[in-house]
Amino acid sequence: QVQLVESGGALAQAGDSLRLTCAASGGTFKEYVIGWFRQAPGKDREFVARISKSGMITYYADPVEGRFTISRDNAKSTAYLQMDSLKPEDTAVYYCAASPTLAALSDSADYVHWGQGTQVTVSS
């Protein structure tokens, strides 16, 4: 079973960049699709980005397309979310999640392993 630990969340200003890290242990990392989700106060958890098992295919939610970049290093069992041009509306707890389903995209129900989350706060 895969355990996921996020890090890299911080307080940032609008326009800044942050890189979140998702470190995996206890499983075969390359066998999982990795997704990033976020949850803002008072809102439902929403999909942010997803990367295929090989890292060759990525998929983004419209609000972050062109600003965020998801990547992974299977040799290090680690995934990343590079967040550029941050906006106050990006403020949320960010979670990484793992799915064994090849076709997993934006539906959180497809993801079976979740990290504890890391807080990102963007001030204007």
Side-chain angles (χ1 to χ4, degrees):
Q1 180 168 330
V2 174
Q3 289 83 45
L4 304 172
V5 178
E6 304 94 334
S7 62
L11 175 63
Q13 292 189 331
D16 284 353
S17 297
L18 287 175
R19 188 175 81 158
L20 304 184
T21 298
C22 174
S25 62
T28 306
F29 184 70
K30 65 181 180 181
E31 294 180 354
Y32 292 89
V33 167
I34 298 297
W36 284 96
F37 293 78
R38 67 186 182 185
Q39 187 167 19
K43 295 187 177 181
D44 292 335
R45 186 174 298 184
E46 66 174 359
F47 168 77
V48 175
R50 170 270 194 195
I51 189 165
S52 63
K53 297 179 182 182
S54 67
M56 295 293 288
I57 302 172
T58 57
Y59 176 64
Y60 298 92
D62 287 344
V64 307
E65 177 81 52
R67 300 188 297 121
F68 290 11
T69 304
I70 188 172
S71 62
R72 66 190 295 165
D73 185 338
N74 285 344
K76 296 182 178 180
S77 297
T78 303
Y80 307 95
L81 185 67
Q82 177 68 39
M83 306 186 296
D84 298 322
S85 302
L86 283 164
K87 303 177 180 180
E89 51 264 44
D90 295 320
T91 295
V93 177
Y94 283 72
Y95 300 89
C96 69
S99 172
T101 305
L102 186 65
L105 287 175
S106 60
D107 188 348
S108 61
D110 288 334
Y111 294 82
V112 297
H113 304 295
W114 292 80
Q116 83 290 347
T118 186
Q119 176 71 48
V120 172
T121 303
V122 184
S123 62
S124 57

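Along the sequence shown, residues are numbered consecutively beginning with 1.
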Determine yes or no for a side-chain-to-main-chain donor-acceptor pair under 3.5 angstrom, with [X] supplying the side chain and [Y] the backbone.
| X | Y | answer |
| --- | --- | --- |
| Arg72 | Gly55 | no |
| Glu46 | Asp44 | no |
| Thr91 | Val122 | yes |
| Tyr80 | Asp73 | no |

Do you know the tightest heavy-atom contact between [X] and [Y]?
| X | Y | result |
| --- | --- | --- |
| Ser106 | Phe37 | O-CE2, 3.6 Å |
| Arg19 | Gln82 | CB-OE1, 3.4 Å |
| Phe47 | Leu105 | CE1-O, 3.5 Å |
| Tyr111 | Val33 | OH-CG1, 3.9 Å |
| Val112 | Pro100 | CG2-CD, 3.7 Å |
| Leu18 | Ala12 | CD1-CB, 4.1 Å |

* **Sub-4.5 Å side-chain heavy-atom contact between Tyr32 and Ile51** =>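 Not touching, per the 4.5 Å side-chain cut-off.
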Measure the spacing between [atom1] of [X] and [atom2] of [Y] and express it to the nearest 0.5 Å.
| X | Y | atom1 | atom2 | answer |
| --- | --- | --- | --- | --- |
| Leu81 | Tyr94 | CG | OH | 7.5 Å |
| Asp110 | Leu102 | CG | CG | 11.0 Å |
| Ser124 | Lys87 | OG | NZ | 13.5 Å |
| Cys96 | His113 | SG | NE2 | 11.5 Å |
| Leu20 | Phe68 | CG | CZ | 8.0 Å |
| Ile34 | Phe29 | CD1 | CZ | 4.0 Å |

* I would like to know whether Trp36 and Glu6 meet side chain to side chain contact (heavy atoms under 4.5 Å, CB included); could you show each step before the answer? => CA-CA 10 Å; Trp36 284 96; Glu6 304 94 334; 3.9 Å; yes
* To do: Could you go through the side chain to side chain contact (heavy atoms under 4.5 Å, CB included) check for Met83 and Val120 one step at a time?
  => CA-CA 10 Å; Met83 306 186 296; Val120 172; 3.8 Å; yes
* So Ser7 and Thr118, side chain to side chain contact (heavy atoms under 4.5 Å, CB included) or not? Walk me through it. -> CA-CA 6 Å; Ser7 62; Thr118 186; 5.5 Å; no
* To do: Would you mind telling me which of Gln39, Arg38, Gln116 makes a side-chain contact (heavy atoms from CB on, under 4.5 Å) with Tyr95?
  =>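 Of the listed options, the one satisfying the test is Gln39.
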* Asked: Stepwise, does the side chain to side chain contact (heavy atoms under 4.5 Å, CB included) test hold for Arg50 with Ile57?
  -> CA-CA 8 Å; Arg50 170 270 194 195; Ile57 302 172; 4.0 Å; yes
